Structures are given as C-alpha cells and as structure tokens.
2 protein chains.
Amino acid sequence: MARARETRKKILDVAEEAVLVKGFDATSIDEIVASAEITKSGFFYHFRDKNALARALIERHIEVENQLFDDLFARARDLSDDPLQSVLIGLKLLAELIENMPDGHPGCIVATAAYQDRLFDSDVREVNRRAVLGWRRRFRTMFDAVAGCYPMNDPVDLDHLSDMVSSVIEGGIIMSRAVGEPQITAQQIMLLRSYIKLLFSPAVQ
Amino acid sequence: MARARETRKKILDVAEEAVLVKGFDATSIDEIVASAEITKSGFFYHFRDKNALARALIERHIEVENQLFDDLFARARDLSDDPLQSVLIGLKLLAELIENMPDGHPGCIVATAAYQDRLFDSDVREVNRRAVLGWRRRFRTMFDAVAGCYPMNDPVDLDHLSDMVSSVIEGGIIMSRAVGEPQITAQQIMLLRSYIKLLFSPAVQ
DNA sequence: GCGGTACTGTACTTGCGGTACGGTTCTGGA
DNA sequence: TCCAGAACCGTACCGCAAGTACAGTACCGC
C-alpha cells in the first residue's frame with residue numbers, strides 16, 4: 001500500500017520531468033520505467049495506459065499550481081489591505097518567482113493537453129477544462145474586490161480580465177520557448193500588472 | 001514541374017487541415033497520403049521525412065499570416081492617420097476576424113512547434129523562432145510610431161509590449177481550446193486593445 | 001503461513017515512421 | 001517523334017513504441 005504509493009509517485013516524478021523537457025508524446029514508457037527503475041508490467045499495473053498517466057500528471061500539476069497561487073496571493077494580501085495593491089503585489093511576486101526559475105518556467109502541462117487534443121481522451125480534457133475555469137473563478141474574486149473599491153477607467157468584462165491572467169502566462173510560456181528567451185513570461189506578467197494598474201488607478205501615476 | 005507543385009500543395013493542404021484539428025503527431029502519413037490521393041512513395045518523394053513536412057507547413061503558415069497582418073494593418077492605417085488610432089483599429093479588425101471564424105481560430109501551428117520541441121529538429125525550431133521575432137519587429141515599428149506621438153502613462157519596454165500581441169493571441173487560442181469557448185481569443189485581443197488605449201491615451205476616457 | 005498486493009519476465013500484436021528499390025507514367029525539349 | 005528525366009506507384013521490409021497476455025514471484029499484514 002505505502003509501497004505502491006511510493007512507486008506511483010516515482011513514476012509521476014520521472015514522467016513529469018521528462019514531459020516538461022521533451023513533451024508528452026516524445027516521452028516513451030520504456031524511458032519512464034527505466035528512470036523509475038521498474039518494469040513495463042509495473043507501469044501498467046499503476047496506469048491503464050498513457051492517457052491515465054497524462055490525467056494523473058495534469059491533476060497533480062494543477063493541485064501544486066493551485067497551492068502555489070494560494071500561498072502567493074495570501075502573502076500578497078498580507079502585505080497590503082488594499083485589494084488593488086495586493087493584486088499588483090501578487091503579480092509582481094509571481095513574475096519574480098517565474099524569473100528565478102533556472103531555465104525559465106518549466107512549461108505548463110495544461111497547454112500541452114490543449115494542443116494535443118486528440119492525443120488524450122475526453123476525461124483528460126475535462127480535467128484540463130475544470131482547472132482553467134477554476135483559475136477564472138480565482139482571479140474573478142480578486143478583481144471583484146478591486147472593482148468594489150476603484151472605478152474602472154475602461155469598462156471591461158471581469159471574467160475576460162480574469163482569463164487574461166492565465167492567457168498571458170500561457171502565451172508568455174509559448175513565446176519564451178519559441179524564441180529561447182526565458183525572461184519573456186515574467187515580462188508579460190509585468191505588462192499585465194501595468195494594465196491592471198492603469199485600469200483601476202484613479203490618478204495616472 | 002507544375003504537376004509536382006500541385007501535388008505538393010495538395011499534401012500541404014490536407015496535412016494543414018488535419019494538423020490544426022488533431023495536432024501534428026496525431027496526424028499519420030498514411031492518413032495524409034490517403035486524403036491527398038497519392039501513395040506513401042509519392043509523399044516521400046516530396047518530403048524527406050515528417051520534419052520536412054512540419055517545416056514546410058510552418059513556413060507556409062507564417063507567410064499567410066504575415067500577409068494577413070500586412071493587409072489588416074494597412075487597412076487600419078487607411079482608416080486613420082493617427083498611429084494610436086490605427087493600432088486600435090487594427091486590433092479591433094483582428095478581433096473581429098478571429099471572432100467570425102466558424103469554429104474559433106483554427107489554432108496556431110507555431111505554438112504546436114514550441115510545445116513539441118523534441119519532436120522537431122533544430123531547423124524547424126529556427127524557422128519558428130524567426131517568425132516570432134518577425135512579429136516583434138512588426139509591432140515594434142507600430143508602437144514606436146505611437147510612442148512618437150503620445151507619452152506613455154506607464155513606462156514599459158516597447159519590445160515587451162510588441163511581444164504581448166503575439167503572447168495574448170497564442171494564450172487566447174490555448175484558453176479557448178482548453179475550455180471550449182471560441183470567443184475567448186477575440187476577447188483577449190480586445191483587452192490588449194484596452195491596455196494600449198489606457199497606456200497612450202492622454203485623457204482617461 | 002496464507003492470501004492478497006505489488007510487482008517481474010517473456011513473448012507477442014499492432015500501428016507508425018521510414019527505407020529500399022524496381023517498375024511505370026507523364027512531360028517538355030531536341 | 002522520341003527519349004531523358006521528373007513524378008510518381010507497389011511492395012516488401014525494418015525498428016520502435018504502445019499496449020496485451022499471462023504465468024511466476026517477492027513482500028507484507030493478519
């Protein structure tokens with residue numbers, strides 16, 4: 001039981017590392033079992049197929065990411081009582097976090113899933129969908145609080161604005177990968193921060 | 001000669017359609033040759049391997065996209081002499097264009113390449129890189145013109161701002177795919193437009 | 001020490017990318 | 001009109017990765 005959990009974790013660990021570096025389909029099961037020091041039979045004992053691995057990988061990844069967001073924006077709220085300021089601080093912390101990752105952001109598994117649609121079954125896509133909608137709700141709550149204190153300098157939909165956080169992060173990751181400039185993602189987040197600042201700041205500063 | 005070009009075009013056409021729907025690796029060569037009504041031998045006569053197909057696909061896609069951007073922003077410049085206004089008009093036209101596509105944006109091959117890194121050789125990645133850097137230069141020119149007329153309400157790097165256009169588009173495509181809401185990409189572009197408006201507008205409107 | 005959990009080992013099937021190579025059809029130019 | 005080369009076709013094959021099947025085995029709590 002405890003042993004099974006450990007093995008499963010080891011599989012997910014080595015798989016996650018490989019997938020973030022090379023992509024999902026470029027990571028073979030043979031390779032995973034070699035790194036995890038088990039056999040192919042052992043792998044299929046824990047996962048029905050590669051789809052099940054993908055699903056577990058996404059679910060775990062999303063959990064970790066949510067925890068990270070929770071901590072980060074909780075800290076940001078600690079640093080300021082003002083909703084706008086705490087959002088701005090949170091985004092700044094996020095940008096710094098991503099910037100300080102050695103080889104840039106490890107990449108987001110969600111995007112991989114979105115772009116390799118037919119590679120995964122509907123179950124995987126549904127997990128992915130829920131995660132993104134969860135982010136929308138998360139940021140929507142924050143922007144609602146901000147909009148409660150400050151008038152908007154340009155009337156925009158707050159759901160769309162919430163989506164923009166995820167959108168800019170995902171887009172930034174793609175850009176940094178495409179041109180090989182790891183700092184791009186952090187830069188893009190800072191631009192989003194600039195937008196939010198201009199959108200809600202009563203006086204242009 | 002002319003026959004060869006036609007066959008090659010047909011291969012690229014059917015491949016592009018399949019790739020945009022299912023992803024690159026989920027599209028088999030057997031499937032492509034069946035749709036193009038040729039044989040496997042015929043396929044490999046035109047392309048050394050699947051990498052060569054990917055490269056040709058990306059190159060063609062980028063050309064078409066550049067042409068589209070050229071036309072769109074040329075039209076935007078026709079509609080207003082003011083650099084800021086023409087950028088805002090261009091983005092609005094772009095958002096409308098994407099919104100009016102039947103099943104949302106067909107998806108961007110560049111992102112696929114960026115996320116399936118190891119699937120492609122360095123040649124393909126280089127083509128991809130040049131395309132993204134080309135977009136940076138394109139939008140940088142436009143923002144330089146805007147910054148020449150209007151002071152910025154928040155001092156940001158214009159290269160980063162130029163990247164944000166591509167970034168928001170790519171991120172928007174991912175988001176719309178992930179949650180199955182095709183209109184997201186257009187919404188995100190409109191938010192970018194809102195940012196640029198606030199960033200350069202002398203008076204908050 | 002017994003039964004289930006957690007695997008190992010071996011052998012096999014299927015599908016895809018890619019190779020090899022001889023044969024065939026079409027086409028433009030001397 | 002004929003012929004060289006370009007543009008394919010047909011078939012057979014290889015290697016790799018996903019996945020199946022199934023018998024055997026080590027460990028672990030009761």
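Treat the numbers as computed from the prediction; the structure is a model and nothing was measured. Protein chains get the first letters and strands the later ones, always in sequence-line order, with residue 1 at the start of each.
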Would you confirm whether A:Asp49, through its side chain, and A:Ala52, through its main-chain N or O, come within 3.5 Å as a donor-acceptor pair? yes
Pull out every residue in residues 33-43 of chain A that has a heavy atom closer than 4.0 Å to any atom of DNA chain D, ordered by number, or say none. A:Lys40
Atom pair distance, as rounded to whole Å: CG in B:Asp30 and C1' in C:dT14: 13 Å
Take B:Asp71 and B:Arg75 through the test salt bridge (charged side-chain N to carboxylate O under 4.0 Å, His left out) and record every step on the way to the result. CA-CA 6 Å; B:Asp71 295 348; B:Arg75 169 122 183 83; over 6 Å; no
4.5 Å side-chain heavy-atom contact, A:Val165 and A:Phe143: yes
Counting only side-chain N and O atoms of A:Tyr45, is one of them less than 4.0 Å from OP1 or OP2 of C:dA6? yes
Could you please spell out the steps behind the side chain to side chain donor-acceptor pair (under 3.5 Å) verdict for A:Asp82 and A:Tyr150? CA-CA 10 Å; A:Asp82 182 82; A:Tyr150 298 90; 2.5 Å; yes
Test salt bridge (charged side-chain N to carboxylate O under 4.0 Å, His left out) on A:Arg60 and A:Asp13; report intermediate values, then the result. CA-CA 10 Å; A:Arg60 200 178 69 154; A:Asp13 285 342; 2.9 Å; yes
Of all the nucleotides listed (C:dA6, D:dC8, D:dA18), which has the minimum atom distance to the side chain of A:Ala4? C:dA6
Can you measure B:Lys10 atom NZ to D:dA7 atom C1' for me and round it to whole angstrom units? 15 Å
Using a 4.0 Å heavy-atom cut-off across all strands, classify B:Arg48 as base, sugar-phosphate, or nothing. sugar-phosphate
Output for pair (B:Thr27 OG1, B:Glu17 CD), nearest 0.5 Å, gives 10.0 Å
I need the CZ-P distance between B:Phe47 and D:dA7, as an integer number of Å. 13 Å
Separation of atom NZ in B:Lys50 from atom P in C:dG18, rounded to whole Å: 8 Å
Using a cut-off of strictly less than 4.0 Å, decide whether B:Ser28 has a side-chain nitrogen or oxygen near OP1 or OP2 of C:dG15. no
Residue B:Ile29, side-chain heavy atoms: nucleotide from C:dT5, D:dA18, C:dG17 that is nearest: C:dG17
Inter-end axis angle, the helix from C:dG1-D:dC30 to C:dA30-D:dT1, with every axis fitted to five base pairs (rounded, 10 degrees): 10°
Heavy-atom check, side chain of B:Tyr195 versus side chain of B:Leu161, under 4.5 Å: yes
From CG of A:Asp25 across to P of D:dA18 the rounded distance in Å is 10 Å
Rounded to the nearest angstrom, tell me the gap between atom CD in A:Glu6 and atom C1' in D:dC28. 14 Å
Rounded to the Å, how far apart are B:Leu53 CG and C:dC16 P? 16 Å
Among the nucleotides D:dG19, D:dA7, D:dC28, whichever has the atom closest to the side chain of B:Arg3 is D:dA7
Is there side-chain contact between B:Lys50 and B:Phe24, with at least one heavy-atom pair below 4.5 Å? yes
Does the salt bridge (charged side-chain N to carboxylate O under 4.0 Å, His left out) test come out yes or no for B:Lys92 and B:Glu96, once each step is laid out? CA-CA 6 Å; B:Lys92 174 91 170 133; B:Glu96 280 172 2; 3.7 Å; yes
Begin from the C-alpha positions of B:Lys9 and B:Glu6 and carry the test salt bridge (charged side-chain N to carboxylate O under 4.0 Å, His left out) through to its verdict. CA-CA 5 Å; B:Lys9 186 184 181 306; B:Glu6 264 181 52; over 6 Å; no
Does A:His46 make a side-chain N or O approach to OP1 or OP2 of C:dC7 shorter than 4.0 Å? yes
Using whole Å, what does the distance between atom C1' of nucleotide C:dT13 and atom CZ of A:Phe44 come to? 13 Å
